[in-house]
Chemist: 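Pasting in a structure now, in structure tokens, and then I'll have a few things to ask.
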Amino acid sequence: MEQQDILTLAALVAAFVGVVKGYGVPTKHSSAIAIGVAAIFVLVPSTVRDTIINIAVIGLTASGAYSYVKTKDNGKDAS
């Protein structure tokens, strides 16, 4: 695994931890969740990892875009 892959995976792990925390999981569990998610990325075969990365990037990007648009719409005046 190259350094660029590791940096990409670190960002994805952080995003997954943020999503899990958004569901109310206590912050004290963040490190364990990060290690678990990282273990999945490292231990699965590279073809599976690549597929998971594609799914994660598309899903997290769409979720972020939706949250951004939703926030903008809620801030508009109803007149």
Side-chain angles (χ1 to χ4, degrees):
M1 189 177 309
E2 294 181 23
Q3 185 176 3
Q4 184 64 31
D5 297 333
I6 293 171
L7 295 174
T8 300
L9 292 177
L12 286 174
V13 169
F16 276 120
V17 171
V19 168
V20 171
K21 286 171 39 179
Y23 282 100
V25 175
T27 304
K28 67 181 183 178
H29 300 300
S30 296
S31 297
I33 293 167
I35 291 170
V37 172
I40 292 169
F41 279 121
V42 171
L43 295 174
V44 298
S46 61
T47 55
V48 175
R49 179 177 55 239
D50 293 344
T51 302
I52 293 171
I53 289 171
N54 287 336
I55 292 167
V57 168
I58 293 167
L60 291 168
T61 302
S63 175
Y66 173 76
S67 295
Y68 179 76
V69 170
K70 183 178 173 189
T71 302
K72 287 278 196 180
D73 287 345
N74 288 341
K76 288 185 179 177
D77 213 359
S79 50

Chemist: Before giving the answer on side-chain contact (heavy atoms from CB on, under 4.5 Å), spell out for Val19 and Leu60 the whole-Å C-alpha distance, their side-chain angles and the decisive distance to 0.1 Å.
Modeler: CA-CA 9 Å; Val19 168; Leu60 291 168; 3.8 Å; yes

Chemist: Do Thr61 side-chain atoms and Ile58 backbone N/O form a donor-acceptor pair below 3.5 Å?
Modeler: no

Chemist: Taking the side chain as every heavy atom from C-beta outward, state whether Ile53 and Val57 have any atom pair closer than 4.5 Å.
Modeler: yes

Chemist: As an exercise, state the distance from CZ of Arg49 to CG of Asn54, rounded to the nearest 0.5 Å.
Modeler: 12.0 Å

Chemist: Can you see which heavy atom on Ala56 is nearest to which on Leu12, and at what distance?
Modeler: CB-CD2, 4.0 Å

Chemist: Any side-chain heavy atom of Leu9 within less than 4.5 Å of one from Val37?
Modeler: no

Chemist: Side chains of Phe16 and Ile33: does their closest heavy-atom pair fall under 4.5 Å?
Modeler: no

Chemist: Going from CZ on Phe41 to OG1 on Thr8, what distance comes out if it is rounded to the nearest 0.5 angstrom?
Modeler: 10.0 Å

Chemist: Under 3.5 Å, side chain of Ser63 to main-chain N/O of Gly59, donor-acceptor pair present?
Modeler: no

